[in-house]
Amino acid sequence: MSQVHLGGAPPETVLPGAGAEQSAALAAASGDRRAVSEVASRWPRYLDAWAELAELAELAEQREVVTAYACARTGYHRGLDALRAAGWRGSGYVRWAHEENRGFLRCLDALRRLAGAIGETDEEERCGVFLRQLDPDWDRRQVPGPVQDA
């Protein structure tokens, strides 16, 4: 997506969408951690797969918080790489309204929750601030997921 910044509001970045094969594979794997792991290993840049892995580990019977945190952090860093490749320069909006951005935002939100779960309260706070900078409507959005405590 090409960006033109005419002043006023910050620029907005929209990530490239997932391919049909990726989306279909993740939909077929939904809820099955092993199958979702295979999707993430086949397409390691597919942010929705990392978000799904983090959420599944967070919801696991034994709440595998460290595994969930690692998956969320991986998706977050891969998402930053994707944002930069899409023209984002460290500021501007990355809104939930664009479905293509949701994998990254889910990873960032999971990282926020899970940082808090392991006692990294400064990281939890930074992630919360970052979410609201990327999408000022973040606190008002309705996101399906394991925890709705934005």
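Along the sequence shown, residues are numbered consecutively beginning with 1. Predicted model, so just to flag it, every value in this text is computed and none were measured. Excluded from the calculations below are hydrogen atoms, water molecules and symmetry mates; all remaining heavy atoms, backbone and side chain alike, are included.
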Atom pair [atom1] ([X]) and [atom2] ([Y]), whose distance is rounded to the nearest 0.5 Å:
| X | Y | atom1 | atom2 | value |
| --- | --- | --- | --- | --- |
| Asp109 | Phe130 | CG | CZ | 13.0 Å |
| Glu52 | Asp32 | CD | CG | 10.0 Å |
| Arg42 | Ser37 | CZ | OG | 15.0 Å |
| Leu131 | Asp135 | CG | CG | 8.5 Å |
| Thr13 | Arg95 | OG1 | CZ | 11.0 Å |

Mind checking whether [X] and [Y] sit in one hydrophobic cluster, side chains of I, L, V, M, F, W, Y counted as touching below 4.5 Å?
| X | Y | result |
| --- | --- | --- |
| Val66 | Leu114 | no |
| Leu108 | Leu56 | no |
| Leu47 | Val39 | no |
| Leu105 | Leu80 | yes |
| Leu15 | Tyr46 | no |

Result of checking Glu58, Glu64, Glu55 against Arg33 for salt bridge (charged side-chain N to carboxylate O under 4.0 Å, His left out):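 Output: one option passes, namely Glu64.
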Whether Tyr76 and Phe104 hold their rings parallel, tilted or perpendicular, with breakpoints at 30° and 60°: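 If you compare the ring of Tyr76 with that of Phe104, the planes turn out parallel.
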Arg78 and Asp81 ion-paired at < 4.0 Å: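 So Arg78 does not pair with Asp81 through a salt bridge.
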Looking at [X] and [Y], what are the two nearest heavy atoms and their distance?
| X | Y | answer |
| --- | --- | --- |
| Ala18 | Ser23 | CB-OG, 3.7 Å |
| Pro11 | Ser91 | CG-O, 4.3 Å |
| Gly92 | Pro10 | CA-CB, 3.7 Å |

Ignoring hydrogens and geometry, is there a side-chain-to-backbone donor-acceptor pair from [X] to [Y] under 3.5 Å?
| X | Y | value |
| --- | --- | --- |
| Asp48 | Arg106 | no |
| Ser41 | Glu38 | yes |
| Arg112 | Glu125 | no |
| Trp50 | Pro44 | yes |

Any side-chain heavy atom of [X] within less than 4.5 Å of one from [Y]?
| X | Y | result |
| --- | --- | --- |
| Leu111 | Tyr69 | yes |
| Asn101 | Leu134 | no |
| Glu21 | Trp43 | yes |

Arg45 atom CZ, neighbour heavy-atom count above 12 within 6.0 Å: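 No, the 6.0 Å shell around CZ holds no more than 12 heavy atoms from other groups.
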